[in-house]
Engineer: 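Dropping a structure here in structure tokens format, bear with me for questions.
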Amino acid sequence: MTDEAYMDRALELAREALEAGEVPVGCVIVWEDGRIVGEGRNRREEDGDALGHAELAAIRMACGTVGGWRLHKAVMYVTLEPCPMCAGAIVNARIPVVRYGAKDEGMGACGSVLNLFEEGFGHRPRLYRGPREAECAQVMRDFFTKLREK
């Protein structure tokens, strides 16, 4: 599969979150052999849990799939720039590459507000914006349009 195909799956998960009334974020974690080992979508409202972020769900699933907490052979694809909590989890899971779609000017911790990956932590993931940046941003706009209509 291609980077675009993995981000397409993350977008599917984001649209599921949108339909459920959640902030539409989807995340896929891919192992070095191309297998999707973890995926998740936002579930904060559904679960009443501040930790219900897509990235955390995907990391949890990936750890279970690979049988350990070190995700050092993985790439994360996420539709929205990770927040500080999720960026910290990415560092702690040792994920080496993160690809995100839309920027998050309010909470983004990978360049928009600050970049935790540039700090002095022992692990510094490589960060790429895209693919599917426009599509990821449109899903977010659709969410806020729907929210205003209510």
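Just the heavy atoms: all of them, side chains too, but no hydrogens, waters or symmetry mates, feed the values below.
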Engineer: Under a 3.5 Å distance rule, please check whether N42 uses its side chain to pair with a backbone N or O of V23 as donor and acceptor.
Structural biologist: yes

Engineer: Examine distances only and state if a side-chain atom of H123 and a backbone atom of N92 form a donor-acceptor pair shorter than 3.5 Å.
Structural biologist: no

Engineer: Do E4 side-chain atoms and R132 backbone N/O form a donor-acceptor pair below 3.5 Å?
Structural biologist: no

Engineer: Considering all heavy atoms of both residues, which atom of R44 and which atom of E22 are nearest to each other, and what is their separation?
Structural biologist: N-OE1, 3.1 Å

Engineer: If you take all heavy atoms of C110 and L127, which pair is closest and at what distance?
Structural biologist: O-CD2, 3.1 Å

Engineer: Taking M107 as the starting point, is it possible to reach L51 by hopping between hydrophobic residues whose side chains are less than 4.5 Å apart?
Structural biologist: no

Engineer: Do the side chains of V66 and L71 get nearer than 4.5 Å, heavy atoms only?
Structural biologist: yes

Engineer: So, E46 and R41, do they make that salt bridge, N to O below 4.0 Å?
Structural biologist: yes

Engineer: Flag yes if L18 and F144 sit in one hydrophobic cluster, no otherwise; membership is Ile, Leu, Val, Met, Phe, Trp, Tyr, and two members link when side-chain heavy atoms are under 4.5 Å apart.
Structural biologist: yes

Engineer: Does some side-chain heavy atom of P24 sit less than 4.5 Å from a side-chain heavy atom of T79?
Structural biologist: no

Engineer: Check the pair D104 / C83 against side-chain contact (heavy atoms from CB on, under 4.5 Å), numbers first and verdict last.
Structural biologist: CA-CA 8 Å; D104 185 348; C83 73; 5.7 Å; no

Engineer: If I compare all heavy atoms of A87 with all of F117, which pair ends up nearest, and what's the gap?
Structural biologist: O-CE2, 3.6 Å

Engineer: Can you find a heavy atom in the side chain of I29 that is under 4.5 Å from one in the side chain of I59?
Structural biologist: yes

Engineer: What are the two closest heavy atoms between T65 and R35, and how far apart are they?
Structural biologist: CG2-NH1, 4.2 Å

Engineer: Might you confirm whether atom CE of M1 has over 12 heavy atoms from other residues, nucleotides or ligands at distances under 6.0 Å?
Structural biologist: yes

Engineer: In sequence, state the C-alpha distance, the side-chain angles, and the governing distance for M76 and V28, and then conclude on side-chain contact (heavy atoms from CB on, under 4.5 Å).
Structural biologist: CA-CA 6 Å; M76 175 182 279; V28 173; over 6 Å; no

Engineer: Could I get the full list of side chain to side chain donor-acceptor pair (under 3.5 Å) partners for N115, not counting sequence neighbours?
Structural biologist: none

Engineer: For residues K103 and L80, report the shortest heavy-atom separation together with the two atoms involved.
Structural biologist: O-CD1, 3.6 Å

Engineer: Closer than 4.0 angstrom, basic N to acidic O: yes or no for R99 and D3?
Structural biologist: yes

Engineer: Any side-chain heavy atom of R9 sitting closer than 4.5 Å to one from E39?
Structural biologist: yes

Engineer: Taking side chain to side chain donor-acceptor pair (under 3.5 Å) as the test, write out the residues that go with E133, two or more places apart.
Structural biologist: R129

Engineer: Give the ring-plane orientation class for Y77 versus Y6, where under 30° counts as parallel, over 60° as perpendicular and anything between as tilted.
Structural biologist: tilted

Engineer: Are any non-hydrogen side-chain atoms of E118 and R124 less than 4.5 angstrom apart?
Structural biologist: no

Engineer: Taking all non-hydrogen atoms of both residues into account, name the closest pair between P131 and M7 and its distance.
Structural biologist: O-CG, 3.4 Å

Engineer: Apply ring pair (Phe, Tyr, Trp, His ring centres under 6.0 Å) to F143 and list each qualifying residue two or more places apart in sequence or on a separate chain.
Structural biologist: none

